[in-house]
J.: 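Quick one: the structure is below, questions incoming.
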Amino acid sequence: MSTDWILEQTRSPRFPVRIRIEQDGEILLAVRAQSAWPGPGQQIFCVREDDHDPDEELRPVEQVRVAHLSRVGRKLAVVLDRPQRKRCEFLVVHKPRAGGDGNYEQIFFRTESGIRAHRSRTRLELRDAPQGLTIAIDAGEKYPWRFPGATTVRRKLAVGDYALLRDDRVAAVVERKSFDNLLGDMNAIQAMHHHWADLARMEQSAVVIEAQYGDFLNPGRLAGRWPEQYVARILAELAAMHPRLPMIYAGNRKHANLWTERYFAAAASVAAGADDPQLDLITTALATFNSGEQASLDDRIRHAALHSLGERFATAELADHFAGVEVTRFRRILLGLEREGRLTRSGTGRGVRWTPRS
């Protein structure tokens, strides 16, 4: 499956360039632009192409493979598979009409130099967090962190010590580790890897440590429990083997609590923004792109389970879409989606059926 960046010349004096991102004949994104590529420090105004006249005269200019698409706030970031002029983005802005009757859309095509040159009032990508966060605290936490202004509930969490809940589903998870907790876990490093892999499968997750990295290299603090060189190897191995799971050395309990509070607020903003109907240009393009071969195998299996198999399906039906993949992989991913609250399970044994939650 190939995704391409296609540039065409039009006859329009105002928008002489048509830019489209196409995946195997399906258009993911199409805009009309004032120029083919922004100059240094510039941004190009574009309009969304709602309808295309098949009889329109267009002159092909270039076609390049798309290496990556991602969302950064209200922007669709694009990386092209070429050595130069490869990074750009489309910023989608909605502004109120002068008469107060609804909003109108603006799209800006920018490159890295244009992004750096642009002087905005704020450098933050995320909006303020939604009001009234709900945070679940694992029932096993004896002296839990505090989250002023949030609603907290006690429950047994499938993974992690703290979870951000959105519509009663887990949106983000944090595993809390004190200095002694983390050292103690090193007695069973293989079990530790299994647990961290479970954490990393969550959509948003982190391990937050109530100590500095240097504390784990201090012979005085280690008190002979482990050689500092061995501890350094373990911490490096954890980071390398679980690259999707950030390890935050917050320094102490207070800063670990504060980091988690801010992280949950940011994660809530990301989750709320994912449902923003005004960003359908970005959401549609990413959903289609990520369902192709560019996504990892796990991501493609997750997408199929949530969107491609109907209201109720068996594990074997999912496996039929991915020849040669071990069944244990499907079970792991399905159980992970169940823990995230995105699938529900009914039946037992071979009679198990999975239902996506709307």
Side-chain angles (χ1 to χ4, degrees), residues 70 123 135-148 150 152 154-164 170-267 270 296-299 328-329 332-333 335-336 339-340:
S70 62
R123 295 184 182 274
I135 297 172
I137 302 173
D138 187 71
E141 282 283 275
K142 292 184 178 180
Y143 304 102
W145 291 335
R146 298 180 182 276
F147 298 92
T152 57
R154 281 280 198 161
R155 65 170 62 171
K156 178 62 178 176
L157 296 177
V159 64
D161 298 310
Y162 300 86
L164 171 69
V170 174
V173 170
V174 161
E175 176 88 358
R176 171 190 178 186
K177 289 296 179 189
S178 68
F179 178 81
D180 291 326
N181 286 155
L182 193 51
L183 281 184
D185 287 348
M186 293 178 188
N187 288 310
I189 186 65
Q190 297 304 318
M192 191 176 183
H193 277 305
H194 281 293
H195 183 66
W196 285 37
D198 201 11
L199 278 167
R201 282 195 290 271
M202 305 301 288
E203 191 168 346
Q204 295 265 13
S205 57
V207 175
V208 183
I209 304 163
E210 298 176 343
Q212 300 284 1
Y213 174 72
D215 294 339
F216 295 95
L217 307 182
N218 185 339
R221 291 215 60 184
L222 294 174
R225 285 177 285 185
W226 299 103
E228 59 269 28
Q229 296 89 346
Y230 180 66
V231 173
R233 281 190 60 192
I234 289 178
L235 296 178
E237 181 177 295
L238 287 166
M241 291 186 66
H242 309 283
R244 292 188 58 206
L245 184 65
M247 296 170 58
I248 309 301
Y249 297 93
N252 55 44
R253 174 190 169 99
K254 177 182 176 181
H255 291 161
N257 190 164
L258 179 62
W259 188 93
T260 301
E261 182 181 350
R262 301 278 174 83
Y263 172 63
F264 280 160
V270 170
S296 71
L297 178 58
D298 278 14
D299 286 340
T328 53
R329 188 166 195 162
R332 169 175 62 78
I333 293 171
L335 290 172
R339 285 192 293 272
E340 294 174 28

J.: According to ring pair (Phe, Tyr, Trp, His ring centres under 6.0 Å), does anything in residues 209-234 pair up with another residue at least two apart or in another chain? List the pairs.
T.: Phe179-Phe216, Tyr213-Tyr249, Trp226-Tyr230
J.: Determine whether Met202 and Val174 make a side-chain contact, defined as any pair of heavy atoms from C-beta on separated by less than 4.5 Å.
T.: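 SC-SC contact between Met202 and Val174 ruled out.
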J.: Between Asn252 and Glu210, is there a side-chain heavy-atom distance shorter than 4.5 Å?
T.: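 Side chain of Glu210 against side chain of Asn252, heavy atoms only: no contact under 4.5 Å found.
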J.: Quick one, Arg201 and Arg244 - any side-chain contact, counting heavy atoms below 4.5 Å?
T.: no
J.: Please check if atom CZ in Arg233 has more than 12 non-hydrogen atoms from other residues, nucleotides or ligands closer than 6.0 Å.
T.: no
J.: Would you find more than 12 non-hydrogen atoms of other residues, nucleotides or ligands less than 6.0 Å from Arg262 atom CZ?
T.: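 No - once you tally the heavy atoms of other residues, nucleotides and ligands closer than 6.0 Å, there are 12 at most.
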J.: Enter the distance from Leu217:CG to Leu235:CG here, rounded to the nearest 0.5 Å.
T.: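 Going from CG on Leu217 over to CG on Leu235, the span is 7.5 Å.
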J.: Identify, with sequence neighbours excluded, every residue that meets salt bridge (Lys or Arg N to Asp or Glu O under 4.0 Å) alongside Arg155.
T.: Asp168
J.: Does a donor on one side chain and an acceptor on the other come within less than 3.5 Å for Glu175 and Tyr162?
T.: no
J.: Taking all heavy atoms of Trp259 and all of Ala206, pick out the closest pair and write down the distance.
T.: CH2-CB, 3.8 Å
J.: Side chains of Met192 and Leu238: closer than 4.5 Å at any heavy-atom pair?
T.: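 Yes, at least one pair of side-chain atoms sits under 4.5 Å.
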J.: In chain order, what residues pass the ring-ring contact (aromatic ring centres under 6.0 Å, His included) check against His195, with sequence neighbours excluded?
T.: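 Scan of His195 (ring-ring contact (aromatic ring centres under 6.0 Å, His included), adjacent residues dropped) gives none.
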J.: Arg154 side chain to Glu141 main-chain N or O, any donor-acceptor pair under 3.5 Å?
T.: yes
J.: Is a side-chain N or O of Ser205 found less than 3.5 angstrom from the main chain of Leu199, in a donor-acceptor match?
T.: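 Yes.
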J.: Which atoms form the tightest heavy-atom contact between Glu228 and Pro219, and what is the distance?
T.: OE2-CG, 3.6 Å
J.: Kindly compute the distance separating CZ (Arg176) from CG (Asp138), expressed to the nearest 0.5 Å.
T.: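 It comes to 11.5 Å.
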J.: Does any N or O in the side chain of Arg225 come within less than 3.5 Å of the main-chain N or O of Leu222, such that one atom is a donor and the other an acceptor?
T.: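 Judged by distance alone, yes, a pair lies under 3.5 Å.
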J.: Carefully, step by step, assess Ile189 and Ile234 under the rule side chain to side chain contact (heavy atoms under 4.5 Å, CB included).
T.: CA-CA 8 Å; Ile189 186 65; Ile234 289 178; 3.7 Å; yes
J.: Check whether any side-chain heavy atom of His193 lies under 4.5 Å from a side-chain heavy atom of His242, and answer yes or no.
T.: yes
J.: Heavy atoms, side chains only, cut-off 4.5 Å: are Val173 and Leu157 in contact?
T.: no
J.: Specify whether Trp145 and Phe147 have parallel, tilted or perpendicular ring planes, treating 30° as the upper limit for parallel and 60° as the lower limit for perpendicular.
T.: perpendicular
J.: Side chain of Asn257, backbone of Arg146: donor and acceptor closer than 3.5 Å?
T.: yes
J.: Going by heavy atoms in the side chains, are Arg339 and Asp198 under 4.5 Å from each other?
T.: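 In short, these two side chains touch, coming nearer than 4.5 Å.
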J.: Counting only N and O atoms by type, is there a donor-acceptor contact under 3.5 Å from the side chain of Asp185 to the main-chain atoms of Leu182?
T.: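 Between the backbone of Leu182 and the side chain of Asp185 there is no qualifying donor-acceptor contact (under 3.5 Å).
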